[in-house]
Amino acid sequence: MPPDGVVVQVEGLRKQYQQVRAVDGIGFEINEGEIFGIVGPNGAGKTTTVECIEGLRVPDQGTIRVLGLDPIKDRVQLRQKIGIQLQEGRLPDRLKVWEAMDLFHAFRATSSGWRHLLDDLGLADKAHAHFETLSGGQKQRLFVALSLLGNPRLVFFDELSTGLDPQARRATWELVRKVRDGGKTVVLVTHSMDEAEHLCDRVAILDHGKLLALDTPDNLIKGVFPSALKVSFQLDGDAEPPLLDKLGKVETNGRAVTVYGHSHGLIVEVVSLLVSSGIRFRQLTVDRMSLEDVFLHLTGKRVRD
Ligand SMILES: Nc1ncnc2c1ncn2[C@@H]1O[C@H](COP(=O)(O)OP(=O)(O)OP(=O)(O)O)[C@@H](O)[C@H]1O
Ligand SMILES: [Mg+2]
């Protein structure tokens, strides 16, 4: 039996497609009531991992327990306990919102209805709209509503906010928090480090089928960058970069300079040095290090959409 409060256990998971090692020996646990993020660039193995957990793909190796069940052997039972929003989900254009809810509801062995979900997700006035007439954000909300049919304990969202405008994206984040606050465990797959940092309680970073790191966003950032600060500026004119190395790691890119520091007084130290050296500068900014920076540090590359 899994320890109390653990809803998903994955050990030594491997999955290969021809020459591609999509998932290459991954293990982690997901706790009840958390928003668990799985992040990484395109092709990292995120969807393969969650679809093995959902029982939609058969692993080559490894053991998986979900709510105490085996996703393959206990597939039928498990399907009634989890909610799934698939990456690139589609419905027939002419299907109406209420028809979709009614149809999917019929597959669920549940007594709870579906109308309250349309209310909760702000889709009540769209009940008679055809799928094709919904905006991107409304389609996503419908997929969330469908995944919540039957009141599952554990829900999976794969690339929920990809392709949405920033406002709809924020609204989707609120929605995910609401689902979690309603007592469910949420597994959120995304290649947006920003989304993972702001929304997830814990984040697993995947690349090339391997788990690079797993912790809270704060701990991941602090673990790599203890002061979690960077000061950036542009050198004015043809000024020579001053000797900033003693303050921390320095990166220069043309006239742009970034100093990564280990001191809370970093900005004061940088400005003092520039001023005392008579170096003119502009566009000085201080930023907190982000999960994107952690990924860059771990892999030497940026995550791109
Ligand atoms: N059915 C399949 N047949 C062959 N190769 C596959 C299949 N599914 C995935 N792959 C390959 O396995 C690797 C991991 O794919 P996966 O879809 O798990 O990545 P992902 O992290 O979800 O990527 P994305 O961010 O693009 O959704 C990729 O190289 C992909 O091309
Ligand atoms: Mg994917």
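Read the numbers this way: they start at 1 and go in the same order the structure lists the ligands and their atoms. Computed from a prediction, not measured in an experiment: that's the story for all the values here.
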- Task: Flag this pair as yes if the NZ/CZ of Lys249 is under 6.0 angstrom from the six-membered ring centre of Tyr260 and inside a 45 degree cone about the axis; otherwise no.
- Result: yes
- Does ligand 1 have an atom that lies less than 4.0 angstrom from a heavy atom of Gly45? yes
- Any side-chain donor near an acceptor of the partner, Asp194 and His198, under 3.5 Å: yes
- Query: In terms of side-chain heavy atoms, does Arg169 have a donor or acceptor partner in Ser192 at a distance below 3.5 Å?
  - Reply: yes
- Message: List ligand 1 atoms under 4.0 Å from Glu159, heavy atoms only on the residue side.
- Response: 25 (O)
- Task: Find all atoms of ligand 1 within a distance of less than 4.0 Å from any non-hydrogen atom belonging to Ala44, and give their numbers and elements.
- Result: 19 (O), 20 (P), 21 (O)
- Location of contacts on Lys46 toward ligand 1, heavy atoms closer than 4.0 Å: both
- Task: Give, for atom CG of Leu118 and atom CZ of Arg141, the distance between the pair rounded to the nearest 0.5 Å.
- Result: 11.0 Å
- Query: Does Arg180 come within less than 4.0 Å of Asp201, counting only side-chain N to carboxylate O?
  - Reply: yes
- Query: Just which atoms of ligand 1 are under 4.0 Å from any heavy atom in Thr48?
  - Reply: 15 (O), 16 (P), 18 (O)
- Item | Enumerated ligand 1 atoms positioned under 4.0 Å from heavy atoms of Val20 | 12 (O), 13 (C), 29 (O)
- So is Ala22 polar-close to ligand 1, meaning N/O to N/O under 3.5 Å? no
- Message: Below the 3.5 angstrom mark, is there an N/O of Thr47, backbone or side chain, next to an N/O of ligand 1?
- Response: yes
- What are the atoms of ligand 1, with element, lying closer than 4.0 Å to any heavy atom of His191? 25 (O)
- Message: Phe157 vs Phe143, test: ring-ring contact (aromatic ring centres under 6.0 Å, His included). Steps then yes/no.
- Response: CA-CA 9 Å; Phe157 298 138; Phe143 287 126; over 10 Å; no
- Message: Looking at Glu32 and Arg153, is any side-chain nitrogen of the basic one under 4.0 Å from a carboxylate oxygen of the acidic one?
- Response: yes
- Compute the shortest N/O to N/O distance between Gly43 and ligand 1 and return yes if it is under 3.5 Å, no if not. yes
- Salt bridge Glu197-Arg288, side-chain N to carboxylate O under 4.0 Å: yes
- For ligand 1, indicate whether the residue Arg57 contacts it via side chain, backbone, both or neither (heavy-atom separation under 4.0 Å). side chain
- Task: Decide, counting backbone as well as side-chain atoms, whether Thr47 has an N, O or S atom less than 2.8 Å from the Mg ion (ligand 2).
- Result: yes
